[in-house]
> 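Below is the structure I would like to discuss, written out as C-alpha cells.
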Amino acid sequence: MPRNDGVSFTSSSFKIPTTNHSLSQTLASHLFRARHSAFQFIHSLRNRSNFNRNSTTASTHSAFGIHSLFRSSPLLCCASLSLTTQTDSLSKSPLLCSASLSLSQPSSPDSAQSGPEAPQKGQSTTAGRYDEERVLISEVLVRNKDGEELERKDLEMEALTALKACRANSALTVREVQEDVHRIIDSGYFSSCMPVAVDTRDGIRLVFQVEPNQEFHGLVCEGANVLPSKFLEDAFRDAHGKVVNLKRLDEVINSINGWYMERGLFGLVSGVDIFSGGIIKLQVAEAEVNNVSIRFLDRKTGEPTKGKTKPETILRQLTTKKGQVYSMLQGKRDVDTVSTMGLMADVSIIPQPAGDAGKVDLIMNVVERPSGGFSAGGGISSGITSGPLSGLIGSFAYSHRNLFGRNQKLNISLERGQIDSIFRINYTDPWIEGDDKRTSRTIIVQNSRTPGTLVHGNQHDNSSLSIGRVTAGVEFSRPLRPKWSGTAGLIFQHAGARDEKGNPIIKDFYGSPLTASGKPYDDMLVAKFESVYTGSGDQGSSMFAFNMEQGLPIMPEWLFFNRVNARARKGVEIGPTRLLLSLSGGHVVGNFSPHEAFAIGGTNSVRGYEEGAVGSGRSYVVGSSEVSFPMLGPVEGVIFADYGHDLWSGPSVPGDPAGARYKPGSGYGYGFGIRVDSPLGPLRLEYAFNDRHAKRFHFGVGHRN
C-alpha cells in the first residue's frame, strides 16, 4: 500500500460560513443541474415546427411509444433515459433526462420552463402510463461521458454491481431505470450518471454514461485546532491513490463530527471541497470560548441581582478558559466544582453566540445560599460505653462559609456530653490567593476533653478518667493528581489525664503511667503528612489513605516519635448486593503517650466488643468484610465479620495497660444489621457476636472509618 505522503495538515482560524455545504447538498446540486438541462432541452423540442412524424413513427414506437405522446405535447421525462434514434431529427437532439425528474405534461412553453415544481392538471394519468410501460432492453453497458470504455474496469464493475433492475434481455420501465441511476450515484464513486438508450439492429441498448470521481492524492484540513492530526491520518490513509468514494467520505465526516460529540465539544465539519488533482479540503468549525461571565440571580424572583461572592473567586474554579473550544462535558464538571464550594443553591451554564463568528460567550448563572448562621445538633461518642446517657452529646455552632466574599470559612463550635467536651475554632481558605496548585489552608485551635476508657478503662474502683488536649496548628492541602490529594501540617499539642474531679493525674488505678514524660502533661510538636486516594467518592468505591506523624523534639521535654497508619477499602458489585472489604493497620516507634496507643475493638473496629476491649498496642491490624443488600426503599441489610490483632505489641506500651486489664490482644466478631439513609448520613444499627460468646448492639451515624 503506498504511503500517504500526499496528505498535509494545516490549522488556522475560521469563520463559520453562512450556509453549510454537505455531501448530500453537493449531490443534490448535480441532480438539479441535470434536471434543469433536461427541461430546457425538452422545451426546445416543443418548438420544432418541422418535426417529421412519418420518418420517426417506427423507431419512436419501438422506443417506449414516444411518438404518440409527442404528437399531442412532449413529455418531461424523469426516468434518466435518453433516447437516441437513427433519424436525423432525434439523433441531433437526444432526450436527456435527470434521475430525479418527474413526468409532467406542460400546456404551454412557459409551463415547460417552470420545471417539475409546477405540474399541470391532468398529467398524473399520462405520467403513470408512461412510467409503467415496459421496453425490452437487449444490452446494458457502462461507459464514460464520451461513450467510451472506462479506463478502470473496477469502476465499471462497481457501476454494474449497483444495478438491480437493468439487465440484458429484460423489460424495463422508466421508473426502474431511474432507480438504478440513483443506485449508481449512491455507490459514491461517480459524480454524474446519464442513461442513454440506443436503438440498434439487435434491439435497444441501454448505456449508463458515468463520470468517475478523482483519485485521492492529498488532504487539507483547516480550523481543526483540537482534532488530533493522527485521527485524520488514520481516517484517510487507506484512501490514498484510490478513487474518492463520496459515501466513504461522508462516513469520515460523520466520524469527525462524532469525535467532537463524544467529547462534548462544539465542533463539526462545515464544508468539503474536492479540487483538481484529487485534493480534498475539509473546513472544520470549532466554537471558541470568547468570554466567561458570572450572573447572580435572586433566590426568590430569579432576576439578576448583586452577589456577595467575588466573581473572580468563582471564575478561578473553572477549567473552561477564554480561547478554548467549548466542551459541554468540561462545562458540566465546572458546574459540579462550583456546586461543591457550598456557596450556591443552583448553578448552570448558558452558552450564547458571541459577536465574532465561530465564538460563544458563556454565562454562569448562580443562586447564592445564606452565607452563615447558628446551628444546633447532637450525636454519639464512641468513647463511653456505660451510663444512662451513654455516648450522647449535644452541639452548638456558628459558621460563616463565605468570609470577605472569597469562599473562606469560619466555624466556631462547642460539643458537650456526659464526659466529652470539645471547643473548636476552625478557619479555612479553600484556595490560597495567588496559588495555581489549588492549595488550601486550615488553621485549627481546639480544647477537648475525651474519655480515656479506650486504653485505660475498666478501673476496679469504677472511677473514670479523661484525656484533655489543647491543640493549635495549621494544615495545607492540595490535589496531587487525579483522585489523589495530599495534606501537610504542623500541630502543637498539650495533653494530659484528669480524674472525675478534673484534677491532673499521672497514673491509673493499676499504676500504669498516663504520660510519657512522667509529668501531668506531655507536650509535642507534630509534623503531619497524609495522602488519600479516592475512587468515585462513593462509600463502596476504592479508597486508600496513608498517614504519618513525626514528633519534633524542639524542646528537650517534647516527645520524639514516629507514627504511621494506613487504611484501604475496596467495593465490588455482585448483582444487587455489594461486597465491601477493608483493611487498616499502623505502628508507632519512639517515646509516645500511652493514651495514644492503637485501640482495637468497638463500632468502628471489631464489632461484638466494647470500645478498645480487644487490645491496645504500638501496632495493630484490623480487617473487615461486609455484604449489603437492598431491602425496602432507603433501608438496606448488612452481614459482616471483623477481625483485629495487636501483633503482640501490647506489653510494649508504657505500663502495659492492655495486659493489666486482661485484654486478649486479638479477637473477631460477626453479625447482621440494617442501615437507613438520612440527611445526617447512614444510620447504622447492628447486632454482633464475638469469639468470647458475648453479644452486643452497635449504633452509629455515618460510614465506618
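The figures here come from the full heavy-atom set of this structure, side chains too, leaving out hydrogens, waters and symmetry mates. Residues: numbered from 1 along the sequence shown.
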> Could you tell me whether the side chains of Asn565 and Tyr620 share a donor-acceptor contact shorter than 3.5 Å?
yes
> Answer yes or no: is there a donor N or O on one side and an acceptor on the other, between the side chain of Arg661 and the main chain of Gly457, under 3.5 Å?
yes
> Check the surroundings of atom CG in Leu632: do more than 12 heavy atoms from other residues, nucleotides or ligands lie under 6.0 Å from it?
no
> Hey, what do you get for CG (Asp646) to OG (Ser616), rounding to the nearest 0.5 Å?
7.5 Å
> Side chain to side chain contact (heavy atoms under 4.5 Å, CB included) for Arg567 and Ser582? Distances and angles first, verdict last.
CA-CA 7 Å; Arg567 306 186 310 275; Ser582 61; over 6 Å; no
> Between Gln446 and Ile425 (side chain of the first, backbone of the second, donor and acceptor by atom type, cut-off under 3.5 Å), is there such a pair?
no
> Taking side chain as C-beta onward, heavy atoms only, is Arg675 less than 4.5 Å from Val638?
yes
> Any idea how His494 and Tyr521 line up, ring-wise: parallel (<30°), tilted (30 to 60°), or perpendicular (>60°)?
parallel
> If you apply the rule side chain to side chain donor-acceptor pair (under 3.5 Å), what do you find for Thr534 with Lys483, and how did you get there?
CA-CA 5 Å; Thr534 55; Lys483 300 183 179 182; over 6 Å; no
> Answer yes or no: is there a donor N or O on one side and an acceptor on the other, between the side chain of Asn426 and the main chain of Asn411, under 3.5 Å?
no
> Applying salt bridge (Lys or Arg N to Asp or Glu O under 4.0 Å), name anything that partners Glu475, two or more places apart in sequence or on another chain.
Lys528
> For Asn690 and His693, indicate whether the former's side chain and the latter's backbone hold a donor-acceptor pair under 3.5 Å.
yes
> What's the verdict on side chain to side chain contact (heavy atoms under 4.5 Å, CB included) for Leu685 and Phe697, showing C-alpha distance, side-chain angles and the deciding distance?
CA-CA 7 Å; Leu685 178 61; Phe697 276 104; 4.2 Å; yes
> If you apply the rule salt bridge (charged side-chain N to carboxylate O under 4.0 Å, His left out), what do you find for Lys332 with Asp336, and how did you get there?
CA-CA 6 Å; Lys332 183 180 182 302; Asp336 294 339; 3.4 Å; yes
> Could you verify whether a donor N or O on one side chain and an acceptor N or O on the other, from Thr305 and Arg299, lie under 3.5 Å apart?
no
> So do the side chains of Ser625 and Leu580 get within less than 4.5 Å of each other, counting heavy atoms only?
no
> Taking the six-membered ring of Phe629 (Phe, Tyr or Trp), confirm whether the NZ or CZ of Arg578 is under 6.0 Å from its centre and within 45° of its axis.
no
> Report, as yes or no, whether the 6.0 Å neighbourhood of atom NZ on Lys437 holds more than 12 heavy atoms from other residues, nucleotides or ligands.
no
> Look only at the side chain of Thr515 and the backbone of Lys519, and say whether a donor-acceptor pair between them is shorter than 3.5 Å.
yes
> Could you tell me if the side chain of Ile505 sits less than 4.5 Å from the side chain of Lys507, heavy atoms only?
no
> Is it true that atom CZ of Phe404 has more than 12 heavy atoms of other residues, nucleotides or ligands lying nearer than 6.0 Å?
no
> Rounded to the nearest 0.5 Å, what separates atom OG1 in Thr453 from atom NE2 in His456?
10.5 Å
> Closest approach of Pro576 and Pro630, non-hydrogen atoms and distance?
O-CD, 3.3 Å
> Keeping the roles fixed (side chain from Asn402, backbone from Asn407), state whether a donor-acceptor pair exists under 3.5 Å.
yes
> Please confirm whether Tyr398 and Phe396 have ring centers closer than 6.0 angstrom.
no
> Hey, what's the ring geometry for Tyr670 with Tyr668, parallel, tilted or perpendicular (30° and 60° as the breaks)?
parallel
> Salt bridge or not for Glu596 and Arg469, using N-O below 4.0 Å?
yes
> Run Thr309 and Glu368 through side chain to side chain donor-acceptor pair (under 3.5 Å) and show every step you take.
CA-CA 8 Å; Thr309 308; Glu368 291 183 301; 2.6 Å; yes
> Ignoring hydrogens, what is the shortest heavy-atom contact between Ser624 and Asp642? Give both atom names and the distance.
OG-OD1, 2.7 Å
> Hey, does the side chain of His698 reach the backbone of Gly608 with a donor-acceptor pair shorter than 3.5 angstrom?
yes
> Are the side chain of Arg618 and the backbone of Ser652 linked by a donor-acceptor contact shorter than 3.5 Å?
yes
> Glu500: which residues meet the side chain to side chain donor-acceptor pair (under 3.5 Å) condition with it, sequence neighbours left out?
Ser464
> Is NZ or CZ of Arg563 both nearer than 6.0 Å to the six-membered ring centre of Phe598 and within 45° of the ring axis?
yes
> Measuring from Arg684:CZ to Arg607:CZ, what's the distance to the nearest 0.5 Å?
7.0 Å
> If you compare all heavy atoms of Ser666 against all heavy atoms of His645, which two are closest, and at what distance to 0.1 Å?
CB-CD2, 3.2 Å
> Between Ser542 and Tyr533, is any pair of side-chain heavy atoms under 4.5 Å apart?
yes
> To the nearest 0.5 angstrom, please state how far the CD1 atom of Ile674 sits from the OH atom of Tyr687.
15.0 Å
> Looking only at side chains, do Lys409 and Thr428 share a donor and an acceptor under 3.5 Å apart?
no
> Return the minimal non-hydrogen interatomic distance between Lys663 and Gly612, and the atom names on each side.
NZ-O, 2.9 Å
> Between Asp522 (side chain) and Ser593 (backbone), is there a donor-acceptor pair under 3.5 Å?
no
> Do Asn591 and Phe560 come close enough that some side-chain heavy atom pair is under 4.5 Å?
no
> CE of Met364 to CD1 of Ile349: how many Å apart, nearest 0.5 Å?
3.5 Å
> Do side-chain atoms of Ser649 reach the backbone of Gly617 as a donor and acceptor pair under 3.5 angstrom?
no
> Are side-chain N/O atoms of Asn365 and Arg295 paired as donor and acceptor at under 3.5 Å?
yes
> State whether a side-chain donor-acceptor pair under 3.5 Å links Glu557 with Ser517.
no
> Please tell me whether Asp691 and Tyr609 have a donor and an acceptor in their side chains that are separated by less than 3.5 angstrom.
yes
> Using only heavy-atom distances, determine whether the side chains of Arg438 and Gln317 contain a donor-acceptor pair under 3.5 Å.
yes
> Report the distance from atom CD1 of Ile432 to atom OG of Ser440, rounding to the nearest 0.5 Å.
7.0 Å
> Would you say Phe640 and Glu686 make side-chain contact, with heavy atoms under 4.5 Å?
yes
> Apply salt bridge (charged side-chain N to carboxylate O under 4.0 Å, His left out) to residues Arg569 and Glu626 and explain how you reach the verdict.
CA-CA 11 Å; Arg569 182 182 67 219; Glu626 295 182 353; over 6 Å; no
> Please name all residues satisfying side chain to side chain donor-acceptor pair (under 3.5 Å) with Arg333, sequence neighbours left out, ordered by chain then number.
none
> Taking side chain as C-beta onward, heavy atoms only, is Thr337 less than 4.5 Å from Leu318?
no
> How close do Gly602 and Glu611 get, heavy atom to heavy atom, and via which atoms?
CA-OE2, 3.4 Å
> Taking all non-hydrogen atoms of both residues into account, name the closest pair between Gly667 and Val606 and its distance.
O-CG1, 4.0 Å
> Check whether any side-chain heavy atom of Asp523 sits under 4.5 Å from a side-chain heavy atom of Phe492, and report yes or no.
yes
> With distance as the sole criterion, is a donor-acceptor pair present between the side chains of Arg449 and Ser466 under 3.5 Å?
yes
